[in-house]
Amino acid sequence: MTHTDGTISITVNGEHRRVASGLTLAGLANELGLAPEKVAVERNMVVVPRSTLGEVALEDGDELEIVHFVGGGDHDDTWTVAGRTFRSRLIVGTGKYRDFAQNAAALEASGAEIVTVAVRRVNVSDPNAPMLTDFIDPKKVTYLPNTAGCFTAEDAIRTLRLAREAGGWDLVKLEVLGEARTLYPDMVETLRATEVLAKEGFLPMVYCVDDPIAAKRLEDAGAVAIMPLGAPIGSGLGIQNEVTIRLIVEGAGVPVLVDAGVGQASDAARAMELGCDGVLMNTAIAEAKDPLLMAAAMKAAVEAGRLSYRAGRMGKRRYADPSSPLAGLI
């Protein structure tokens, strides 16, 4: 039935609409902002050949399903640091592997889009020695130069200046260590280096203690991401202080990623359940008995932890609460 205003009623993907009488399926697609040649239409349970969409006129009461192809997975749940967007929330390192080939294979299994790379002197005695870039293409994977092994702000700044000259990188990972036994960050030197690097146009993602006050000061100094340790570097102890990690997440205006201390998949999942934007790890994968299998496990753990966080956990109770109602029990 055509209404007095010259329209008919149809249903499109479960939504009721009024459209002009005589409108074709192609015309409807255009009205919806869709390209007719890129969609498939089912009209009243019958698929309409795409070649005839411009000829088939809509009738009152038509029920339509319009579909198109999209990539698999939840691509809306991305994260952004310094204006750069990534799908994977797992960052992996490039140290401690048997060789570069194993490193590249583990990276592939992890699904990570960012790898941390140490800046080291060129081997001038053997210029033909294998290089990481021969196995992991910096055009396909984001390199994140780091300052591993630096114990003063000056050394870290100098290292990253060389890294920018070598590869043009401005997104970097800053860590300034206090001493070699614990590899804990020296926060005075870290804060000083952050201020200098930010003024020079760097975008520092900063390794720090799990202290919400220190984290906020780093953010104010120009850090584009806060990376509190879960436990000492390479320890595999897992997150030792969930309370402070959660406080850092709640107070931060930039991404927060747990960096250091992850030992197994459950540690990565827990970091994500606390609301972190991502997890960075190296030793947990590189020193596993099967690095490739562990890389795949870490990928799944980060994804599961993120889904769990987004879903919102149930409230904790002091006593049992039956899943099935007790009323009417036989």
Side-chain angles (χ1 to χ4, degrees), residues 78-95 107 112-122 131-133 136-178 183 185-209 211-229 233 248-249 251-260 276-280 282:
T78 56
W79 71 286
T80 300
V81 57
R84 305 170 198 196
T85 301
F86 301 93
R87 292 186 300 275
S88 173
R89 293 173 179 270
L90 176 59
I91 300 176
V92 297
T94 52
L107 170 63
E113 298 170 291
I114 306 175
V115 294
T116 58
V117 292
V119 182
R120 294 293 183 266
R121 288 171 171 161
V122 172
M131 298 179 65
L132 181 66
T133 50
I136 299 176
D137 188 349
K139 295 180 181 177
K140 297 179 180 179
V141 179
T142 297
Y143 273 34
L144 187 67
N146 70 17
T147 57
C150 291
F151 291 87
T152 67
E154 285 74 18
D155 284 348
I157 294 165
R158 180 185 177 195
T159 297
L160 292 177
R161 284 170 178 165
L162 283 168
R164 181 160 64 180
E165 184 64 27
W169 295 293
D170 53 5
L171 183 65
V172 296
K173 183 197 168 188
L174 171 66
E175 59 181 75
V176 184
L177 305 175
L183 297 182
D186 181 327
M187 292 310 299
V188 174
E189 293 291 282
T190 298
L191 183 59
R192 191 156 64 89
T194 300
E195 292 171 340
V196 172
L197 291 168
K199 289 177 181 177
E200 292 186 7
F202 284 95
L203 303 168
M205 300 173 67
V206 186
Y207 167 67
C208 63
V209 293
D211 175 354
I213 305 303
K216 199 62 185 175
R217 286 181 177 168
L218 287 172
E219 183 179 340
D220 293 342
V224 299
I226 304 300
M227 307 179 77
L229 56 82
I233 292 173
I248 291 172
V249 170
V254 296
V256 176
L257 301 92
V258 162
D259 177 10
C276 291
D277 294 277
V279 183
L280 189 153
N282 186 176

Quiz prompt | Val224 and Val254, any side-chain heavy atoms less than 4.5 Å apart | solution = no

Quiz item: Quick one: CG on Asp186 to CG on Leu177, what's the gap to the nearest 0.5 Å?
Solution: 9.0 Å

Exercise. Would you indicate whether the side-chain heavy atoms of Leu257 and Arg89 approach each other to under 4.5 Å?
Key: no

Exercise. Kindly give the heavy-atom pair with the smallest separation between Pro204 and Gly222, and that separation in Å.
Key: CD-O, 3.7 Å

Quiz item: Taking it one step at a time, do Thr152 and Glu189 satisfy side chain to side chain contact (heavy atoms under 4.5 Å, CB included)?
Solution: CA-CA 6 Å; Thr152 67; Glu189 293 291 282; 3.8 Å; yes

Self-check item: Approximate separation, where rounding is to 0.5 Å, of Asn146 CG and Met205 CE
Solution: 11.0 Å

Quiz prompt | Test item: Pro185 and Glu175 side chains (from C-beta on) under 4.5 Å apart, heavy atoms | solution = no

Quiz item: Is Glu154 salt-bridged to Arg192, cutoff N-O under 4.0 Å?
Solution: yes

Quiz item: Does some side-chain heavy atom of Phe86 sit less than 4.5 Å from a side-chain heavy atom of Val81?
Solution: yes

Exercise. Working to the nearest 0.5 Å, report the span between CG of Asp211 and CD1 of Ile248.
Key: 7.0 Å

Quiz prompt | Side-chain donor/acceptor of Glu219 to backbone N/O of Gly253, under 3.5 Å | solution = yes

Quiz prompt | Spatial distance of atom CD1 (Ile136) from atom OH (Tyr143) [nearest 0.5 Å] | solution = 5.5 Å

Quiz item: What pairs with Asp277 under side-chain hydrogen bond (donor to acceptor under 3.5 Å, both in side chains), at least two apart in sequence or on another chain?
Solution: none

Practice problem: Please report the shortest heavy-atom distance between Gly93 and Thr116, naming the atom on each side. | Solution: CA-OG1, 3.2 Å

Quiz item: Does any non-hydrogen side-chain atom of Ile91 lie less than 4.5 Å from one of Lys173?
Solution: no

Practice problem: Check step by step if side chain to side chain contact (heavy atoms under 4.5 Å, CB included) holds for Glu200 and Arg164. | Solution: CA-CA 11 Å; Glu200 292 186 7; Arg164 181 160 64 180; 4.1 Å; yes

Quiz item: Atom CG of Leu197 and atom CG of Asp170: how far apart are they, to the nearest 0.5 Å?
Solution: 11.5 Å

Quiz item: So do the side chains of Trp169 and Val117 get within less than 4.5 Å of each other, counting heavy atoms only?
Solution: no

Quiz prompt | Ser88 to Ala112 - nearest heavy-atom pair and separation | solution = OG-CA, 3.5 Å

Quiz item: Taking all non-hydrogen atoms of both residues, which atom of Thr194 and which atom of Ala223 are closest, and how far apart?
Solution: CG2-N, 3.8 Å

Quiz item: If you take all heavy atoms of Val256 and Val249, which pair is closest and at what distance?
Solution: CG1-CG2, 4.0 Å

Quiz prompt | Taking every non-hydrogen atom, the tightest pair across Thr147 and Ala156 | solution = CG2-O, 3.6 Å

Practice problem: Output the distance between atom CG (Leu162) and atom CD1 (Ile157), rounded to the nearest 0.5 Å. | Solution: 12.5 Å

Practice problem: Decide yes or no for Arg84 and Thr142: does some side-chain heavy atom of the first lie under 4.5 Å from some side-chain heavy atom of the second? | Solution: no

Quiz item: Do side-chain atoms of Asn282 reach the backbone of Gly95 as a donor and acceptor pair under 3.5 angstrom?
Solution: yes

Quiz item: Heavy atoms, side chains only, cut-off 4.5 Å: are Tyr207 and Thr190 in contact?
Solution: no

